[in-house]
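Everything below concerns the one structure shown next.
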Amino acid sequence: MGVLSKTMETHLRSLPKVELHRHLDCSLRWSTAIEIARTLPQFQTMSLTELEQSFLITEPFADLDSVLRKFTSMRDLLQSAEILERLAFEVCEDAVNDGVRILELRFSPTFVAEANPQLKPDQILNAFLRGIARAERTWPIAVGLILIFQRTKTLGELLALRDWALDRREDFVGVDLADSEDRFEPSQFQSLFQPLRGTWPITIHAGETIYPNSSAGMRGAVELLGAQRIGHGIQAIRDPSLLQFLRDRQIILEVCPWSNHLTKSVNTYSKHPLKKLLEAGQFVTLNTDDPGVFASNLIDEYHLAQALGVTIQDFAWMNDVACAGSFLSAEKISRVWPRPRQKLSDLLSTASSQKGPS
Ligand SMILES: [Zn+2]
């Protein structure tokens with residue numbers, strides 16, 4: 001690495017960052033994953049290469065569903081409250097090392113408990129909260145949890161999860177809907193989300209993969225489910241009227257370039273629409289999605305974004321957008337964010353689309 005690139009690395013790392021889209025239950029640090037795997041009989045005799053093959057995704061898979069199946073291997077390691085607390089603490093530590101000041105972590109209690117039935121939702125949440133509280137006492141970082149509803153669960157299971165979460169409403173900063181979107185309509189989840197609209201802000205996974213109803217999925221996420229942010233949303237680039245719709249409503253896109261590459265949500269990485277979305281004036285943010293499974297970190301995403309033509313000025317702007325759209329309280333944000341928090345409407349005038357080519 002030359003002197004100039006080293007300077008760039010230092011600059012990128014020290015840039016104050018906000019990350020809005022990181023799945024806590026898929027973010028186990030690789031060294032910790034190996035350590036835990038070594039304590040379990042089924043993994044004890046595996047070589048490092050075999051462990052990598054079992055847990056990590058480092059090259060594009062056939063599709064999103066194949067990737068989602070791989071997530072279940074990492075989940076098998078989350079067997080105790082102690083491990084969950086350590087996971088949460090280390091995820092925050094990794095984020096701090098990447099310059100993150102504001103971090104929103106999402107998880108699905110049903111996803112964790114499915115493979116670890118000895119853990120009840122309260123135990124899972126309490127363990128995560130202990131790890132996060134310790135991290136917030138240790139470093140200048142503000143962290144909030146987003147509850148994920150899984151599209152693949154029955155309405156009965158989702159309503160039970162909602163009732164449980166409402167009893168713990170102070171412990172979540174927002175809610176999300178995840179899993180593959182192409183087999184589901186937003187309207188199927190309207191009765192689930194409608195009563196939550198005044199309780200928590202909402203983000204929805206949509207517009208991630210290439211499928212025929214992608215645009216309707218994103219519109220439905222906003223109009224029917226009340227989403228203020230869209231997880232991914234990159235397929236909006238194919239639909240100019242949808243781009244206008246999202247911009248008019250100040251909807252933030254939580255873009256995760258490396259994840260999109262690995263799930264084949266873009267044909268080739270060089271065709272990733274991140275820069276084009278910025279130039280179209282969309283409220284874009286940069287995120288990791290599942291760094292534990294993808295063997296990545298947030299700085300990797302910044303380097304990958306640079307390869308698409310994203311500039312240092314764009315990075316600062318995207319972080320201001322993410323700060324403006326964070327679900328954390330203003331008070332918590334003001335404790336860690338080094339500059340005044342701007343409004344999304346103020347950030348419109350400094351968007352890439354207003355500045356011309358950079
Ligand atoms: Zn995601």
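Count residues from 1 along the sequence. Treat the numbers as computed from the prediction; the structure is a model and nothing was measured. Read the numbers this way: they start at 1 and go in the same order the structure lists the ligands and their atoms.
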(request) Go through Ser73 and Asp76 one step at a time and tell me if the side-chain hydrogen bond (donor to acceptor under 3.5 Å, both in side chains) criterion holds. (result) CA-CA 5 Å; Ser73 311; Asp76 291 345; 5.5 Å; no
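- Note on Arg29 versus Asp94: salt bridge recorded, some NZ/NE/NH1/NH2 to OD/OE distance being below 4.0 Å.
- Ring planes of His261 and Tyr269: perpendicular class, angle over 60° (limits at 30 and 60°).
- A salt bridge links Arg339 with Asp320: the distance from a Lys NZ or Arg NE/NH1/NH2 to an Asp or Glu carboxylate oxygen falls below 4.0 Å.
- A salt bridge does not link Arg335 to Glu136: none of the charged side-chain nitrogens sits closer than 4.0 Å to a carboxylate oxygen.
- Listed here is the closest heavy atom pair of Glu301 and Cys256: OE1-C, 4.2 Å.
- Listed by chain and number, the protein N, O or S atoms at a distance under 2.8 Å from the Zn ion (ligand 1) are His21 NE2, His23 NE2, His205 NE2, Asp289 OD1.
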